[in-house]
Amino acid sequence: MGLLGMVLGNATEVDLNAVKKEFEDILVEGEELEHAYSVVRDKWVFTTKRLILLDVQGLTGAKKEYLSIPYENISYFSVETAGTLDDDCEMKIWVKGAGGCIQKEFSRKTDIKAIQRNLAAHILR
């Protein structure tokens, strides 16, 4: 991830082997990691069963919040691709029973259409 991407808060795809150890203790039997994206210290991890949003907090990063969203609780989502002058992609997810949406910006290099296909594959079963 470039310095500008970090400053703007854009996420980039992360190798699954790099995050496997960090998430293996919270995965349930039969659950597998599919995709992972990082923005500075936070992560969005797509598994076979849910979307996990990791919010690393505090100066040392010792405090972490894991938000798990089962795919069946996602009402709908939208993605926005990067434009000519707009250097980032964007994804919004609406969760049943939650007010508002969860929003994240991704770098131009992120395959946002692959993220959309992954979500659609889980949601449209």
Minimum-distance pair of heavy atoms, taken over all atoms of R50 and P70: CB-CA, 3.9 Å
Straight-line distance of I102 CD1 to L51 CG, nearest 0.5 Å: 7.0 Å
Stepwise side chain to side chain contact (heavy atoms under 4.5 Å, CB included) check, Q57 with E65: CA-CA 8 Å; Q57 302 171 4; E65 176 186 10; 3.5 Å; yes
Within-4.5 Å side-chain heavy-atom neighbours: I52 and W44: no
Cluster overlap V79 with Y76, hydrophobic side-chain contacts below 4.5 Å: no
E22 to Y66 - nearest heavy-atom pair and separation: O-OH, 4.0 Å
Distance (rounded to the nearest 0.5 Å) between W94 CH2 and S78 OG: 4.0 Å
Candidate pair L119 and M91, rule side chain to side chain contact (heavy atoms under 4.5 Å, CB included), full reasoning: CA-CA 11 Å; L119 274 175; M91 180 168 60; 3.5 Å; yes
Parallel, tilted or perpendicular: ring planes of H35 versus Y37, cut at 30 and 60 degrees: parallel
Side chain to side chain contact (heavy atoms under 4.5 Å, CB included) between D88 and K104, intermediate numbers included: CA-CA 10 Å; D88 58 10; K104 181 50 101 186; over 6 Å; no
Check against salt bridge (charged side-chain N to carboxylate O under 4.0 Å, His left out), E90 and K92: CA-CA 7 Å; E90 184 176 280; K92 295 178 184 174; 3.8 Å; yes
Rounded distance (nearest 0.5 Å) linking atom CG of L33 with atom CG of L16: 5.5 Å
D55 side chain near K64 side chain, heavy-atom distance below 4.5 Å: no
Short side-chain to backbone donor-acceptor contact, D42 and V56, under 3.5 Å: yes
Spatial distance of atom CZ (F106) from atom CD (E80) [nearest 0.5 Å]: 12.5 Å
Single-linkage hydrophobic cluster, 4.5 Å side-chain cutoff, I115 and F77 together: yes
Test item: K96 side-chain N/O and E72 main-chain N/O as donor-acceptor pair under 3.5 Å: yes
Between CD on residue Q116 and SG on residue C89, distance to nearest 0.5 Å: 11.0 Å
Transitive ILVMFWY side-chain link L53 to F23, under 4.5 Å: no
Exam field: side chain Y71 to backbone I123, donor-acceptor pair closer than 3.5 Å: no
Residue pair L54 / L67, side-chain heavy-atom distance below 4.5 Å: no
T47: which of E32, E34, H122, E31 passes side-chain hydrogen bond (donor to acceptor under 3.5 Å, both in side chains): E31
Inter-residue atom distance D15.CG - S38.OG, 0.5 Å rounding: 12.0 Å
